[in-house]
Amino acid sequence: MEILAVFLVGLCCVLQSSGIEVEALENNGCQNFQPHTVMMQEKQSYRTSFHFQPPRNWLNDPNGPMWYKGVYHLFYQYNPYGALFGDFMIWAHSVSYDLINWIHLNHALCPTEPYDINSCWSGSATILPGKGPVILYTGIDANHCQVQNMAMPKNLSDPFLEEWIKFAQNPIMTPPDGVEGNNFRDPTTAWLSHDGKWSVIIGSWNNNQGMAILYRSEDFFNWTKYQDPLYSTERTGMWECPDFYPVSVNSTDGVDTSVLNAGVKHVMKASFNSHDYYMIGTYVPEIEKYIPDNDFTGTGMDLRYDHGKFYASKTFFDSVKNRRILWGWVNESDSIEDDMDKGWSGLQSIPRHIWLDRSGKQLVQWPIEEINKLHGKKVSFLDKKIDSESIFEVEGITAAQMWRLFLSCQNCKRLSS
């Protein structure tokens, strides 16, 4: 069999495979830790080299991503006690200057109070003009009911925002009449509306409808449920991790979550049935309604961010580079026994720049430009015929990289034949 080396032209850049050093933390519940350096690949089997992962244990939903004082922040659901989802879930916290290399900090939110004593579940971060970031999150209270809580940084001058203080009047939202206590979770990033009030939606399920329950506030502390959901439908399951944000109709640039004008459409996203689905439509604040261009149908025609492992995603507006960035949880397909043996489970997707397609009918995604930092040496050659059973040494890449490229070339060859 002959393999034409021209297939290798596609190898313009090779991802480095030596691994990334990270500051890891001794894992002891929610106590403060002293960091030490580890090489993750040497400690635990099958870890990825480039996707975001904590040093060990279970990870799921990305929470509260944001940029603040020169630093990117990512919070995420985490089990500090093992490689499986647990009864004591927290908000872990990591920071980065480039969205590629991460510093793992002490945990941000842990179950300590009656309103979150059985876990701190997902939520979002909103940066209040002139006041800094605020976290809204779901707590599982002493009665195992889902309630919404708030936390603020202890020190706004700290770019790492290493300490968070829970609001003394938590919970700030409780399940409304008719909504069961286990169907009320995952507050979105809030937006400032046309009348000067803040708005936020909570994922829910009621009367056989998935929905985005709308709450409004004048001061961000006292919230009132709006009379109707911002949007609801019978063609989905329980809405988890909703996301609601504007996208420009004539630019790939992102816009702040509070932007509302004729130059934007709005994306409504919900996680259900193991996938992330979204709609593109129009937000009408005067009547507090979201009007999709095409409603969910409950079929394969519904728009999805990703058709692979991708769930509980969250976007944020990166004001430094005027872009909207998408994170998504990639869960494992391994067995429980395998996850326990590995000592970890779950990772975050490579962050993606996301914008509206020219047609206005769907979104476009692309890995953020910083991913180029992971590219190594350029390795390419042309017009090299490889005879059967001959030996040809390719310098500058590893055997594993060469094998993956070979398989890719074979796939391309089969598809073209």
With side chains defined as the heavy atoms from C-beta onward, is the minimum distance between Y283 and V264 less than 4.5 Å?
no
Do S119 side-chain atoms and W121 backbone N/O form a donor-acceptor pair below 3.5 Å?
no
Show your reasoning for whether side-chain hydrogen bond (donor to acceptor under 3.5 Å, both in side chains) applies to K314 and S122.
CA-CA 10 Å; K314 181 63 186 170; S122 296; over 6 Å; no
Spell out, as yes or no, whether a donor-acceptor pair under 3.5 Å connects the side chain of N273 to the backbone of H275.
no
With distance as the sole test, does T189 use its side chain to make a donor-acceptor pair with the main-chain N or O of T126 at under 3.5 Å?
no
CD-CH2 distance between Q365 and W355, expressed to the nearest 0.5 angstrom
9.0 Å
Looking only at the aromatic ring of each residue, does the gap between the centers of F244 and W191 stay below 6.0 angstrom?
yes
For W102, does its backbone N or O pair with a side-chain atom of S94 as donor and acceptor, under 3.5 Å?
no
Verdict with supporting geometry, L84 and D339, side chain to side chain contact (heavy atoms under 4.5 Å, CB included):
CA-CA 7 Å; L84 306 178; D339 287 342; 4.1 Å; yes
Side-chain donor/acceptor of R47 to backbone N/O of P55, under 3.5 Å
yes
If you measure from CE on M238 to CE on M211, what distance do you get to the nearest 0.5 Å?
10.0 Å
One should read off an interatomic distance between M173 CE and I213 CD1, to the nearest 0.5 angstrom, of 10.5 Å
Please tabulate, for side-chain N and O atoms in residues 220-227, each donor-acceptor pair with protein atoms closer than 3.5 Å (sequence neighbours left out).
unit_1	atom_1	unit_2	atom_2	d
N222	ND2	D219	OD2	2.7
W223	NE1	F220	O	3.0

Between atom CG of D195 and atom CZ of R216, what is the distance when rounded to the nearest 0.5 Å?
4.0 Å
So do the side chains of P176 and F184 get within less than 4.5 Å of each other, counting heavy atoms only?
yes
Would K321 and E370 satisfy salt bridge (Lys or Arg N to Asp or Glu O under 4.0 Å), going step by step from the backbone distance to the final call?
CA-CA 11 Å; K321 295 190 175 183; E370 288 87 346; 3.0 Å; yes
Smallest heavy-atom separation, A83 atom then G343 atom, equals CB-C, 3.7 Å
Taking N57 for the side chain and P80 for the main chain, is one N or O donor matched with an acceptor at less than 3.5 Å?
yes
When you look at S248 and D253, which way does the side chain to side chain contact (heavy atoms under 4.5 Å, CB included) test go after all the steps?
CA-CA 7 Å; S248 175; D253 288 345; 5.8 Å; no
Grab the two heavy atoms, one from P111 and one from D116, that are nearest each other, plus how far apart they are.
CB-O, 3.1 Å
Which atoms form the tightest heavy-atom contact between K289 and D228, and what is the distance?
NZ-CB, 3.9 Å
Could you tell me the separation between the CD atom of Q348 and the CZ atom of F310, rounded to the nearest 0.5 Å?
9.0 Å
Less than 4.5 Å apart, any side-chain heavy atom of W366 and any of I371?
no
Are any side-chain N or O atoms of D302 and backbone N or O atoms of G298, one a donor and one an acceptor, separated by less than 3.5 Å?
yes
What pairs with D186 under side-chain hydrogen bond (donor to acceptor under 3.5 Å, both in side chains), at least two apart in sequence or on another chain?
none
Stepwise side chain to side chain contact (heavy atoms under 4.5 Å, CB included) check, H93 with V95:
CA-CA 7 Å; H93 184 195; V95 295; 3.7 Å; yes
Are W164 and Y137 close enough that their ring centres sit under 6.0 Å apart?
no
Mark yes when over 12 heavy atoms from residues, nucleotides or ligands other than I336 sit less than 6.0 Å from its CD1; otherwise mark no.
no
With distance as the sole test, does D98 use its side chain to make a donor-acceptor pair with the main-chain N or O of I100 at under 3.5 Å?
yes
Out of the candidates W205, F296, Y311, only one should pair with F272 under the ring pair (Phe, Tyr, Trp, His ring centres under 6.0 Å) rule; please name it.
F296
Show the nearest heavy-atom pair for residues L192 and S258, with the distance to one decimal.
N-OG, 2.8 Å
Verify the neighbour count for atom CG of N155: are there more than 12 heavy atoms of other residues, nucleotides or ligands below 6.0 Å?
yes
Applying side-chain hydrogen bond (donor to acceptor under 3.5 Å, both in side chains), run through W329 and N331 and close with a yes or a no.
CA-CA 6 Å; W329 168 43; N331 64 317; 5.6 Å; no
Would a line drawn from the ring center of Y290 to the ring center of H266 be shorter than 6.0 Å?
no
What residues, two or more places apart in sequence or in another chain, satisfy side-chain hydrogen bond (donor to acceptor under 3.5 Å, both in side chains) together with Y115?
none
R324 backbone acceptor or donor facing D318 side chain under 3.5 Å:
no
Backbone N/O of S204 and side chain of E240: donor-acceptor pair under 3.5 Å:
no
Worked check of side chain to side chain contact (heavy atoms under 4.5 Å, CB included) between L136 and S124:
CA-CA 6 Å; L136 298 178; S124 304; 5.7 Å; no
Inspect the surroundings of CG in N294 and state if more than 12 heavy atoms from other residues, nucleotides or ligands are less than 6.0 Å away.
no
How about K269 and T315: do any of their side-chain heavy atoms sit closer than 4.5 Å?
no
Taking all non-hydrogen atoms of both residues, which atom of H353 and which atom of I368 are closest, and how far apart?
N-CG2, 3.8 Å
Which atom pair, heavy atoms only, marks the closest approach of S319 to N322?
O-OD1, 3.7 Å
Is the closest side-chain heavy-atom distance between F160 and L105 below 4.5 Å?
yes
Is any side-chain heavy atom of P133 less than 4.5 Å from a side-chain heavy atom of L156?
yes
Would you say Q77 and W91 make side-chain contact, with heavy atoms under 4.5 Å?
yes
Using ring pair (Phe, Tyr, Trp, His ring centres under 6.0 Å), reason through H104 and F52 one step at a time and then give a plain yes or no.
CA-CA 11 Å; H104 300 299; F52 177 91; 5.6 Å; yes
For the pair D243 and T188, evaluate side-chain hydrogen bond (donor to acceptor under 3.5 Å, both in side chains) and give the outcome as yes or no after the intermediate values.
CA-CA 6 Å; D243 203 6; T188 62; over 6 Å; no
Residue pair T112 / K166, side-chain heavy-atom distance below 4.5 Å
yes
Check whether more than 12 heavy atoms from other residues, nucleotides or ligands sit under 6.0 Å from atom CG of N207, and answer yes or no.
no
Only residue of R185, Q146, Q148 satisfying side-chain hydrogen bond (donor to acceptor under 3.5 Å, both in side chains) with T138 is Q148
